[in-house]
Amino acid sequence: MRIATWNVAGIRAHIGALLEWLRQEKPDIVVLQETKTVDETFPRLELEALGYNVEVHGQKGWNGVAILSLVPFDEVHRGLPGDDADEQARLIEGVFSLEGGVVRVCGIYLPNGNPVDSEKFPYKLAWMERLHSFVEQRLSFEEPFILLGDFNLIPAPIDAHNPDGWWGDALFRPESLERFRSLLNLGLVDALRAVSLEPNYTFWDFQAGAWRRNAGIRIDHLLLSPQAADRLENVTVHKDVRGWDKPSDHVPVEGQFTF
DNA sequence: ATGCCGGGTACGACCCGA
């Protein structure tokens, strides 16, 4: 079973690259972020033509998440609980039945939080605290649970080409990292860190020649419950996709599991 | 210190991203 995350930076703008990657790799389940469109204009038919079941949680202009799956959905949940006034589409979860049992896959687009002196930063922190409660509840099921997506968090200095340049940014500052560690401390495993102690970047800015200079950061993560971590075989960062024509600024990150 | 680039909205110029 291969389960991937990809921030597509606008699904209508990058549908060609998405379809090409899916045709090449045929992952079983993919969570998408920054689809940037309402459900009515989501390119569902092209994805269904490749055999994917499609569930979306869209929003006009920005945000927006989705799950593509070759396995039928048992359940779908949209939105992060804990604030009825929050209208930003940043979380979608699917539950799937496999031969070996159930697997729960939750895709997130965690708020960026910049600039830190705006209301966006406290929104990020509050969103992380709601996520903490949500994950705590999910872990109580004691089943394979995969929380993956664009976390907008640089876990450690090794996860940035220029960590000093990022320090203080909403992606890499104490208040953000404290909450990220607290989330991990619930009992989640950072899958890529578990299989590799090398620098692995998943995002290169469109600006300032970041890709050419390999000035990347690792902000797209797969976090695993113990029951999922036991089944982890490997993680692949599809770095080559960043060099395609008209790419997203993020690349797909894929976990391989024995279920 | 800010913009760089790029998508979306809407069709000029701004919001948003990381």
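Here is how names work: the chains are called A, B, and so on, in the same order as the sequence lines, proteins then strands, and each is numbered from 1.
- Contact footprint of chain A on DNA chain B: nucleotides with an atom under 4.0 Å from a non-hydrogen protein atom, first to last in 5' to 3' order, B:dC4 to B:dA18.
- Heavy atoms of A:Asn112 sit under 4.0 angstrom from at least one base atom.
- Counting heavy atoms of neighbouring residues, nucleotides and ligands inside a 6.0 Å radius, atom CD of A:Glu87 does not exceed 12 of them.
- Under the 30°/60° scheme for interplanar angles, the aromatic rings of A:Tyr201 and A:His161 are found to stand perpendicular.
- Side-chain atoms of A:Asp220 and A:Asn7 include no donor-acceptor pair closer than 3.5 Å.
- Heavy-atom nearest nucleotides on DNA chain B were determined for A:Gln88 and for A:Lys36, and the one closer to the 5' end corresponds to A:Lys36.
- Here, B:dA1 and B:dA13 have their C1' atoms 23 Å apart, quoted to the whole Å.
- Checking A:Thr236 against A:Gln256 by side-chain atom types alone, a donor-acceptor pair falls below 3.5 Å.
- Atom P of B:dC4 sits at a distance of 13 Å from the matching atom of B:dC14, rounded to the whole Å.
- DNA chain B is contacted by both A:Pro115 and A:Ile11; A:Ile11 maps to the nucleotide lying nearer its 5′ end (nearest heavy atom per residue).
- No cation-pi contact links A:Arg12 to A:Phe42, judged by a cut-off of 6.0 Å to the six-membered ring centre and 45° from its axis.
- Here the side chains of A:Trp166 and A:Ile217 are in contact, with some heavy-atom distance below 4.5 Å.
- Counting non-hydrogen atoms under 4.0 angstrom, A:Asp220 reaches nothing in the nucleic acid.
- Going from the P atom of B:dC11 to that of B:dG6 covers 24 Å, rounded to whole Å.
- Other residues, nucleotides and ligands contribute at most 12 non-hydrogen atoms within 6.0 Å of the CG atom of A:Asp84.
- Of the N and O atoms on the side chains of A:Arg218 and A:Asn200, not one donor lies less than 3.5 Å from an acceptor on the other residue.
- In this model, a donor atom of one side chain and an acceptor atom of the other lie less than 3.5 Å apart for A:Asp86 and A:Tyr123.
- For the P atoms, the distance from B:dG8 to B:dA18 is 14 Å, rounded to whole Å.
- Checked against the 6.0 Å centroid threshold, A:Trp21 and A:His238 count as a close aromatic pair.
- A heavy atom lying under 4.0 Å from DNA chain B marks none of the residues of residues 122-130 of chain A.
- Under the ring-ring contact (aromatic ring centres under 6.0 Å, His included) criterion, A:Phe145 pairs with no residue, sequence neighbours left out.
- If you check every strand for non-hydrogen atoms under 4.0 Å, A:Tyr109 touches sugar and phosphate atoms only.
- For the segment residues 204-218 of chain A, the set of residues with a heavy atom within less than 4.0 Å of an atom of DNA chain B comprises A:Phe206, A:Gln207, A:Ala208, A:Ile217, in numerical order.
- Taking a 4.0 Å limit (strictly below) on heavy-atom distances, residues 157-182 of chain A reaches DNA chain B at A:Trp166, A:Leu171.
- Sequence neighbours left out, the pairs with a member in residues 132-150 of chain A that pass salt bridge (charged side-chain N to carboxylate O under 4.0 Å, His left out) are A:Glu93-A:Arg138, A:Arg104-A:Glu143.
- Taking the six-membered ring where tryptophan is involved, the planes of A:Trp211 and A:Trp204 are perpendicular, since the angle between them exceeds 60° and thus also 30°.
- When the C1' atom is used for both B:dC15 and B:dA10, the distance is 13 Å, rounded to whole Å.
- Counting only heavy atoms from C-beta outward, the side chains of A:Leu177 and A:Phe172 approach each other to under 4.5 Å.
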